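Keep in mind the model is a prediction, meaning the values are calculated, not measured.
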Amino acid sequence: MLNLTGVLKRLVIGRAMRSEELGETLLPKRLALPIFASDPLSSVAYATQEILLVLTLGGLAYLHFTPWIAAAVVALMTVVVLSYRQVVHAYPSGGGSYEVVSTNLGPSAGLVVAASLLVDYVMTVAVSVASGVDNIISALPSLADHRVLLALGFVAILTAINLRGVRESGRTFAAPTYLFIGGVLIMVGTGLIRYLLGDAPVAESAAYGITPDPSEQNLTGLALLMLVLRAFSSGCTALTGVEAISNGVPAFRKPKSKNAASTMASMGIIAVVMFVGVTTLAIVSKVHITADSCRLTGLGGDCENFTQKTVIAQLASSVFGGDNSIGFYFIQAATALVLILAANTAFNGFPLLSSILAQHRYLPRQLHNRGDRLAFSNGILALAIVAGALLWTYKADVTSLIHLYILGVFTSFTLSQLGMVRHWNRALRAEPDPATRRRHQSARVVNALGACVTGLVLVIVLITKFTEGAWLAVLAAIVLWVMMRGIRRHYDHTSAELAVEDPRAELVPPSRVLAVVLVSTIHKPTLRALSYARAFKPDQLEALTVAVDKGETQDLERRWQDLDVNVPLKVLASPYREITKPVVEYVKGMRRESPRDVVAVFIPEYVVGHWWENLLHNQSALWLKSRLLFTPGVMVTSVPWQLTSAAHADHPAARAPGSVRRGEPAAGHGSDTPARRV
């Protein structure tokens with residue numbers, strides 16, 4: 001009988017790869033760009049929209065700030081990209097901001113960056129998928145009621161693709177990313193050419209007015225500044241994922257640093273061109289969009305049930321001739337697809353960073369393990385579960401999720417640039433060559449500027465978004481930071497406790513070995529356990545049972561005498577029908593009488609071959625074993641007996657943990673088990 005789970009796993013993930021094949025998974029630049037840069041490239045689909053949504057809180061009067069805010073975002077992106085090119089060359093091992101900060105500012109600051117980035121990677125998946133679903137709904141409004149289901153389905157698909165390995169995901173995502181880039185550039189180019197020729201495209205929302213939000217009317221002075229700063233912080237979503245390339249340097253082909261830096265530059269140039277183009281086209285075509293449809297004037301219908309198209313959808317419609325044009329559907333399909341695939345930046349960054357943190361003992365070590373396809377599968381699954389929970393909780397609503405976003409990115413930006421400044425200071429102290437010193441000084445200026453600018457943006461983002469939901473992201477990062485510190489302390493304490501100080505003292509044998517075989521009845525598993533215990537030639541050997549049922553116990557004693565095995569049978573009284581407590585107390589008593597002795601407990605068990613067989617048997621012996629493991633000086637040995645179903649299983653190794661059950665029924669004794677009367 002075929003193992004269905006194994007077959008499905010191979011269909012979804014593919015064949016397992018040998019460790020030596022890791023080199024085959026390294027990426028050329030053409031695949032690395034869509035894998036590591038899909039998030040910042042795709043963010044142009046909603047970064048302009050986020051700026052407009054904030055500015056229109058005050059009505060249409062404040063839209064003239066749009067080009068200035070966009071220019072500030074472009075300047076910031078340029079500084080950040082140049083700064084991270086320095087990181088790629090200086091720290092090519094793949095730690096990115098975490099490694100830079102840990103090395104130069106200390107482990108605690110490094111953990112701040114790590115916690116911030118892990119939270120932001122989760123938000124990247126949630127926001128990207130939710131935004132992609134929004135664009136699908138813009139083209140197909142009938143799907144609006146299935147928003148959450150669509151979002152969760154896309155997360156599941158992304159998870160499956162990434163479990164197949166980095167190179168596989170790159171091949172899958174390359175075409176949609178390049179189609180999106182090409183489609184946006186064609187749309188922007190066509191729209192701007194029409195504008196220069198006097199036939200400017202007009203958005204469908206251009207005729208709508210916008211009623212100012214009651215709390216945002218007639219803004220002046222500080223209130224106006226805060227509105228502009230809020231719009232700027234929302235527009236900074238265009239920078240999310242910029243640092244992912246610095247985390248993924250080891251995944252590039254050689255020369256790794258050079259290829260990563262080139263990819264970083266390409267990503268920056270393409271992202272800036274697209275962002276500027278989309279923003280310019282939105283201004284030219286007079287896109288009017290607001291968070292609350294009922295603040296739009298001139299709708300002439302039910303505002304509460306009116307679904308506004310996204311900015312990118314309105315631009316495509318106005319440039320290519322309406323909602324039924326081929327260009328409109330192409331842009332919507334490409335945008336929706338690339339926004340969903342933009343989550344792949346996090347699906348690569350999160351597992352890589354988690355692996356490094358696990359290697360440094362700040363996260364469970366399982367996150368450092370590679371799966372069948374040499375991807376960090378546990379990290380991929382963890383990211384999918386948490387992001388899916390967020391999408392479910394917030395009903396896949398971009399506006400709700402966006403407030404928790406980008407805070408972590410600018411925390412890592414700021415601290416990593418400060419770390420790079422210290423890195424160059426240290427390098428300058430040790431560098432005598434004038435030409436090299438000039439290069440280091442130029443690099444230090446770039447990173448110092450980056451630290452100042454991103455630090456200012458971090459303060460702005462924190463002030464403008466904290467009360468709108470960003471406090472949750474801050475709280476999550478703090479909890480994660482505390483948790484990682486606790487995990488590290490646990491691993492450190494464990495290592496110190498297990499360290500060998502005097503090997504000769506640890507190798508001193510015990511005075512005696514006292515062996516105990518747990519018995520419920522006389523059957524093949526019991527006799528095998530008894531024979532196995534004898535093979536160890538212990539100083540003392542006895543069988544042990546618990547008297548739960550008087551008649552059965554007397555029958556067992558009689559059969560034991562008839563068996564004539566020359567091993568005494570010890571019967572423990574249990575007036576309250578307990579099993580675990582009498583055995584544990586008896587074993588502890590053996591240890592108290594002679595602390596230098598070792599007690600070896602042998603538990604007969606049998607192995608079943610089908611999952612449903614596990615449901616038919618109790619697991620009291622499993623509880624007994626877990627209790628004995630906490631008793632110092634006690635060694636617990638399971639002696640398995642494979643039933644026919646287990647022996648004939650096609651893939652016994654593929655069964656889930658727990659398919660081995662301890663102390664199961666003896667032939668002819670119904671549901672009695674060694675665990676019941678052990």
Shortest non-hydrogen contact between [X] and [Y], atoms and distance:
| X | Y | result |
| --- | --- | --- |
| Gly110 | Tyr98 | O-CD1, 3.2 Å |
| Ser354 | Leu118 | OG-CD2, 3.7 Å |
| Phe180 | Ser42 | CE2-CA, 4.0 Å |
| Leu383 | Ala346 | CD2-O, 3.4 Å |
| Ile69 | Phe232 | CG2-CA, 3.6 Å |
| Ser97 | Tyr84 | OG-OH, 2.6 Å |

Taking the side chain from [X] and the backbone from [Y], do they hold a donor-acceptor pair closer than 3.5 Å?
| X | Y | answer |
| --- | --- | --- |
| Trp481 | Ala114 | no |
| Ser355 | Pro351 | no |
| Thr310 | Ala313 | yes |
| Gln332 | Ile136 | no |
| Ser416 | Phe413 | yes |
| Arg85 | Ala261 | yes |
| Gln314 | Ala203 | no |
| Arg422 | Asn104 | yes |
| Arg295 | Thr56 | yes |
| Ser116 | Ser412 | no |

Any side-chain heavy atom of [X] within less than 4.5 Å of one from [Y]?
| X | Y | result |
| --- | --- | --- |
| Val474 | Ile478 | yes |
| Leu367 | Gln359 | no |
| Leu224 | Phe65 | yes |
| Val338 | Leu41 | no |
| Gln308 | Ser205 | no |
| Met484 | Leu363 | yes |
| Leu55 | Arg230 | no |
| Phe350 | Thr124 | no |

Practice item. Please step through side-chain contact (heavy atoms from CB on, under 4.5 Å) for the pair Met420 and Val87, ending with a clear verdict. Key: CA-CA 7 Å; Met420 286 301 295; Val87 173; 3.7 Å; yes
For the atom pair [atom1] ([X]) and [atom2] ([Y]), what is the distance rounded to the nearest 0.5 Å?
| X | Y | atom1 | atom2 | value |
| --- | --- | --- | --- | --- |
| Leu82 | Gln417 | CG | CD | 10.0 Å |
| Leu225 | Leu229 | CG | CG | 4.5 Å |
| Ser83 | Met264 | OG | CE | 9.5 Å |
| Ile289 | Leu63 | CD1 | CG | 11.5 Å |
| Ser495 | Arg361 | OG | CZ | 4.5 Å |
| Tyr362 | Leu111 | OH | CG | 5.0 Å |

Exercise for review: Go through Leu33 and Thr177 one step at a time and tell me if the side-chain contact (heavy atoms from CB on, under 4.5 Å) criterion holds.
Suggested key: CA-CA 9 Å; Leu33 183 69; Thr177 303; 5.8 Å; no
Which pairs would a plain distance check flag for residues 142-161, meaning a side-chain donor or acceptor within less than 3.5 Å of a matching protein atom at least two apart in sequence or in another chain?
| residue | atom | partner | partner atom | Å |
| --- | --- | --- | --- | --- |
| Arg147 | NH1 | Asp134 | OD1 | 2.2 |
| Thr159 | OG1 | Val155 | O | 2.8 |

Checking side-chain polar atoms at under 3.5 Å, does [X] have a donor or acceptor matched by the opposite partner on [Y]?
| X | Y | value |
| --- | --- | --- |
| Gln86 | Asn447 | no |
| Thr48 | Thr279 | yes |
| Thr290 | Tyr208 | no |

Practice item. Kindly determine whether His423 and Thr103 satisfy side-chain contact (heavy atoms from CB on, under 4.5 Å), including the steps that lead there. Key: CA-CA 9 Å; His423 166 81; Thr103 303; over 6 Å; no
Revision key, fill the gap. Which of Leu52, Ile210, Val311 passes side chain to side chain contact (heavy atoms under 4.5 Å, CB included) with His288? Answer is Ile210
Point to revise | Test log, rule side-chain contact (heavy atoms from CB on, under 4.5 Å), inputs Leu353 and Leu357 | key: CA-CA 6 Å; Leu353 181 56; Leu357 290 167; 4.0 Å; yes
Exercise for review: Could you walk me through whether Tyr491 and His360 pass the ring-ring contact (aromatic ring centres under 6.0 Å, His included) test, one step at a time?
Suggested key: CA-CA 10 Å; Tyr491 280 135; His360 294 172; over 10 Å; no
